[in-house]
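Shown next, in structure tokens, is the structure this report addresses.
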Amino acid sequence: MAAAITLVLADESATQALGARLGRALQALKAGAVIYLQGDLGAGKTCLARSLLRALGHAGAVVSPTYTIMEPYDVSGRRLLHVDLYRLSDPEELDFIGIDDQYEPQGWLLIEWPERGEGRIPAADLRVTLSVPGEGREAGLAADSARGQVLLERLADLSKIDGDTQNF
């Protein structure tokens with residue numbers, strides 16, 4: 001699948017707005033989804049995940065799973081597993097962490113630093129790549145499956161995107 005959009009995010013609140021919109025798009029799906037969150041340190045991956053969780057109805061604390069590797073949340077009647085693979089030195093470490101025991105295919109899986117788990121994690125439905133090209137941020141969203149394409153279409157509807165780029 002080659003469907004993709006690029007969004008210009010003026011500031012942190014724009015990143016939060018994208019997370020909220022993605023949360024609402026996920027909520028409308030009948031099935032689960034796997035989302036890769038990519039980008040350098042400080043690009044806004046956890047900020048986006050936090051807003052996504054809030055949009056799904058999570059009212060408690062949302063912590064970065066950098067040290068715990070994964071944080072499970074029960075939201076909207078489903079399980080969302082937020083995984084951060086930054087500290088992994090080898091993808092085989094995932095066998096000992098128990099990600100397979102925690103992940104429910106009807107739920108949602110957000111994976112930060114997915115390249116560190118290559119070959120051991122489910123394929124992405126949607127890839128969100130955050131970058132800081134200067135002032136503000138950019139978010140590239142690419143669908144890697146039919147489910148990802150549905151999410152991308154719902155995001156386009158939710159954010160009223162004209163053409164390839166939308167400024168928040």
Side-chain angles (χ1 to χ4, degrees), residues 1 4-23 25-26 32-56 58-75 78-145 147-148 151-152 155 168:
M1 303 239 146
I5 57 175
T6 300
L7 305 171
V8 177
L9 307 172
D11 52 25
E12 184 177 337
S13 65
T15 303
Q16 293 169 345
L18 175 59
R21 288 179 171 134
L22 183 53
L26 279 173
V34 177
I35 299 173
Y36 288 0
L37 299 176
Q38 300 172 292
D40 292 335
L41 287 171
K45 297 178 297 293
T46 301
C47 173
L48 186 137
R50 186 174 292 118
S51 296
L52 184 151
L53 277 156
R54 296 269 185 258
L56 290 171
H58 180 71
V62 176
V63 297
S64 172
T66 300
Y67 293 101
T68 58
I69 308 290
M70 67 181 157
E71 289 288 333
Y73 299 91
D74 292 314
V75 290
R78 294 192 199 179
R79 162 81 39 117
L80 182 141
L81 190 59
H82 183 191
V83 179
D84 186 331
L85 303 180
Y86 180 74
R87 295 175 47 89
L88 246 59
S89 57
D90 188 304
E92 289 184 9
E93 291 178 51
L94 286 169
D95 296 340
F96 303 105
I97 293 169
I99 193 170
D100 290 336
D101 297 331
Q102 293 286 325
Y103 173 57
E104 298 172 0
Q106 290 302 311
W108 302 299
L109 182 59
L110 299 179
I111 304 176
E112 296 186 37
W113 301 95
E115 62 277 4
R116 296 187 183 217
E118 196 168 327
R120 300 272 190 204
I121 57 176
D125 293 303
L126 184 70
R127 284 178 290 115
V128 179
T129 304
L130 297 168
S131 62
V132 185
E135 296 287 322
R137 296 181 174 133
E138 284 186 1
L141 293 89
D144 287 347
S145 71
R147 188 173 299 149
L151 281 171
L152 207 55
L155 283 170
F168 279 95

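Both backbone and side-chain heavy atoms feed into the values below; hydrogens, waters and symmetry mates do not.
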Spacing of [X] atom [atom1] and [Y] atom [atom2] [to the nearest 0.5 Å]:
{"X": "L22", "Y": "L126", "atom1": "CG", "atom2": "CG", "result": "6.5 Å"}
{"X": "L85", "Y": "I121", "atom1": "CG", "atom2": "CD1", "result": "6.0 Å"}
{"X": "I35", "Y": "L109", "atom1": "CD1", "atom2": "CG", "result": "9.0 Å"}
{"X": "L88", "Y": "E118", "atom1": "CG", "atom2": "CD", "result": "12.5 Å"}
{"X": "L56", "Y": "D74", "atom1": "CG", "atom2": "CG", "result": "12.0 Å"}
{"X": "R116", "Y": "I111", "atom1": "CZ", "atom2": "CD1", "result": "14.0 Å"}

Backbone N/O of [Y] and side chain of [X]: donor-acceptor pair under 3.5 Å:
{"X": "R147", "Y": "G32", "answer": "yes"}
{"X": "S131", "Y": "P133", "answer": "no"}
{"X": "D11", "Y": "A14", "answer": "yes"}
{"X": "D125", "Y": "S145", "answer": "no"}

Check whether more than 12 heavy atoms from other residues, nucleotides or ligands sit under 6.0 Å from atom CD of E12, and answer yes or no. no
Heavy-atom closest contact ([X] atom, [Y] atom, distance):
{"X": "L26", "Y": "A33", "value": "CD2-CB, 3.8 Å"}
{"X": "A139", "Y": "L130", "value": "CB-CD2, 3.6 Å"}
{"X": "A55", "Y": "G23", "value": "CB-CA, 4.2 Å"}
{"X": "Y36", "Y": "P122", "value": "OH-O, 2.7 Å"}
{"X": "A49", "Y": "L37", "value": "CB-CD1, 4.2 Å"}

Taking the side chain as every heavy atom from C-beta outward, state whether I69 and Y86 have any atom pair closer than 4.5 Å. no
I want to check something: taking the side chain as every heavy atom from C-beta on, are V132 and D40 in contact at a cut-off of under 4.5 Å?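 Sidechains of D40 and V132: no contact.
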Y73 six-ring centre to R79 NZ/CZ under 6.0 Å and within 45° of normal: no
Q38 and V128: side chain to side chain contact (heavy atoms under 4.5 Å, CB included), yes or no, with the steps? CA-CA 6 Å; Q38 300 172 292; V128 179; over 6 Å; no
Checking side chain to side chain contact (heavy atoms under 4.5 Å, CB included) for the pair V83/L110: CA distance, chi angles, key distance, verdict? CA-CA 6 Å; V83 179; L110 299 179; over 6 Å; no
Assess, by modelled atom type and distance only, whether the side chains of Q16 and S51 contain a donor and an acceptor separated by less than 3.5 Å.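 Absent: no donor and acceptor within the cut-off.
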Please test L18 against L48 for side chain to side chain contact (heavy atoms under 4.5 Å, CB included), starting from the C-alpha separation and ending with a verdict. CA-CA 7 Å; L18 175 59; L48 186 137; 3.6 Å; yes
With H82, the side chain to side chain donor-acceptor pair (under 3.5 Å) member among E112, R50, K45: E112
What verdict does the side chain to side chain contact (heavy atoms under 4.5 Å, CB included) test give for V75 and W108, after you've listed the backbone C-alpha separation in whole Å, the side-chain angles of each residue and the deciding distance to 0.1 Å? CA-CA 10 Å; V75 290; W108 302 299; 3.8 Å; yes
